[in-house]
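Numbers restart at 1 for each chain; the letters A, B, ... are given by sequence-line order, proteins then strands. Computed from a prediction, not measured in an experiment: that's the story for all the values here.
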There are 2 protein chains.
Amino acid sequence: MTEQREKGFTPRQRAVLECALELLVAGGERAVTTAGVARAASCSKESLYKWFGDRDGLLAAMIAYQASKVRTFANEGEAVDRSRFRARLVAFARDLLDVLAGDVSLALNRLAIGQASRDENRLGRLLVAQGRRRIDEGAIALLEAGKRHGHINYEDQEEAYRTFYGLIVRDLHVRMLLGEEEVRRPEGFAALAERAVDQFFALYRVREKERADPA
Amino acid sequence: MTEQREKGFTPRQRAVLECALELLVAGGERAVTTAGVARAASCSKESLYKWFGDRDGLLAAMIAYQASKVRTFANEGEAVDRSRFRARLVAFARDLLDVLAGDVSLALNRLAIGQASRDENRLGRLLVAQGRRRIDEGAIALLEAGKRHGHINYEDQEEAYRTFYGLIVRDLHVRMLLGEEEVRRPEGFAALAERAVDQFFALYRVREKERADPA
DNA sequence: CTCTATGCGTACCGTACGGTACGGTTCTGA
DNA sequence: TCAGAACCGTACCGTACGGTACGCATAGAG
């Protein structure tokens with residue numbers, strides 16, 4: 001009992017959750033049956049119910065466990081140099097695309113989206129809170145540093161970040177969620193990241209003089 | 001039999017599919033049971049199986065039916081005037097957000113995403129083919145007209161459109177799919193559309209002289 | 001060695017759902 | 001008026017799955 005709340009999950013539980021995630025990736029939500037997880041993980045259904053309460057608890061635990069594995073998006077050190085700051089942005093964009101295109105990420109997002117109409121949206125909120133939040137915070141801190149050093153400029157922090165996100169991801173995430181395999185090409189993500197950062201700089205570069213927008 | 005393939009669906013079938021869509025919107029995929037649809041639509045299960053083959057056929061028919069209701073994204077007439085072209089872009093952006101935020105659209109996207117690991121992705125491909133394609137085509141034609149009249153400039157048509165899409169939608173679609181109600185505010189969509197179009201013009205405006213990008 | 005806790009494996013139960021069959025009713029066309 | 005098709009309502013079947021109970025093995029504590 002002590003180590004369950006300290007470190008989140010027992011080693012045995014982590015192994016079981018790992019098996020459950022494999023099943024989810026392989027076959028979607030319908031493949032995650034209590035009997036199936038028990039068989040794959042060589043544990044008893046009784047243990048599953050003891051540890052996670054019920055099937056929904058198991059699904060929630062899978063999300064929490066996966067989130068606990070992802071370490072915070074790297075953001076060590078300040079990027080005073082402009083080219084170095086740009087490299088940071090590109091790295092963030094590439095990491096973001098890699099994460100979103102990952103098997104487990106896609107499977108968990110599909111799971112939460114599929115459950116959106118049930119349980120007052122517990123899984124969706126959990127996924128956003130545990131997964132997206134820390135990505136957002138890392139990126140916003142990065143942008144803030146860039147502004148502080150005069151590399152970019154913006155009024156609304158959140159607004160600038162959302163724009164950056166949109167330039168990077170566009171409709172790729174939804175299309176990947178819908179199963180378009182053609183769009184999951186990690187080898188092309190570097191180019192996408194470069195382009196997105198270029199466009200972001202074009203929109204948020206520092207302007208010596210405010211000048212009227214040609215509209 | 002004649003009118004089934006001509007107009008897609010019989011009036012009776014359309015009524016049944018309407019009921020099925022209501023169930024889907026209200027309770028998600030799990031709420032669309034053959035017995036439930038039959039009861040809600042006052043038809044027999046036997047008719048359902050006769051018309052749609054099996055449950056998957058019913059789900060596919062729901063997507064096809066909904067797509068058949070949406071008329072092609074308006075694109076009548078050329079927009080020679082610049083301000084008129086801009087208004088067109090804003091209107092497209094607002095329409096896009098409205099569509100994506102619609103109850104039925106969200107429910108169908110959740111359905112297709114939830115089924116992404118099954119049936120070799122039939123529903124997902126159907127949804128993209130029937131729903132997204134005509135939106136994309138309308139927008140691309142619009143951009144092309146804008147380029148022809150010298151309002152914007154780009155090399156890669158598809159690339160420009162995807163950027164426009166990203167500036168409009170950002171991560172709103174996924175967050176709506178995940179059930180974040182706070183983000184479904186049609187009253188704010190007009191402002192989002194305006195901003196996105198401004199940013200799009202900033203990125204793709206015609207430049208009298210090519211000038212080196214400050215990077 | 002014994003007692004107890006943990007957990008595995010299996011069997012079991014109730015329900016829900018996909019799919020089928022059948023009787024009865026309405027509508028259509030000759 | 002009659003034949004046949006379409007269709008509704010209901011009952012039925014088999015299976016799959018969530019959840020529970022029980023028997024047995026193992027391991028650590030006293």
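- Considering only heavy atoms from C-beta on, B/H149 stays 4.5 Å or farther from B/F85 through its side chain.
- Here D/dC7 presents its C1' atom at 18 Å from CZ of B/R39, a figure rounded to the nearest Å.
- A distance-only check finds no donor-acceptor pair linking the side chain of A/T10 to the backbone of A/Q13 [under 3.5 Å].
- B/K50 comes within 4.0 angstrom of the backbone, heavy atoms only, and of no base.
- The footprint of chain B on DNA chain C, defined by a heavy-atom cutoff below 4.0 Å, extends from C/dC17 to C/dC22.
- With values rounded to the nearest 0.5 angstrom, B/L167 atom CG is found 11.5 Å from B/L192 atom CG.
- The distance between atom NZ of B/K45 and atom C1' of D/dT10, rounded to the nearest whole Å, is 10 Å.
- With DNA chain C read from its 5' end, the first of the two nearest nucleotides for B/E46 and B/D56 is the one closest to B/D56.
- A residue-by-residue look at A/R30 and A/G53 shows that A/R30 has its nearest nucleotide of DNA chain D further toward the 5' end.
- Among the candidates A/Y165, A/F164, A/Y154, the single residue satisfying the ring-ring contact (aromatic ring centres under 6.0 Å, His included) test with A/F200 is A/F164.
- Put simply, the side chain of A/D103 reaches to within 4.5 Å of the side chain of A/R184, judged on heavy atoms.
- Going from atom CG of A/D198 over to atom CG of A/L203 covers 11.0 Å, rounded to the nearest 0.5 Å.
- Residues B/S44 and B/R55 both approach DNA chain C. Their nearest nucleotides, taken by heavy-atom distance, put B/R55 toward the 5′ side.
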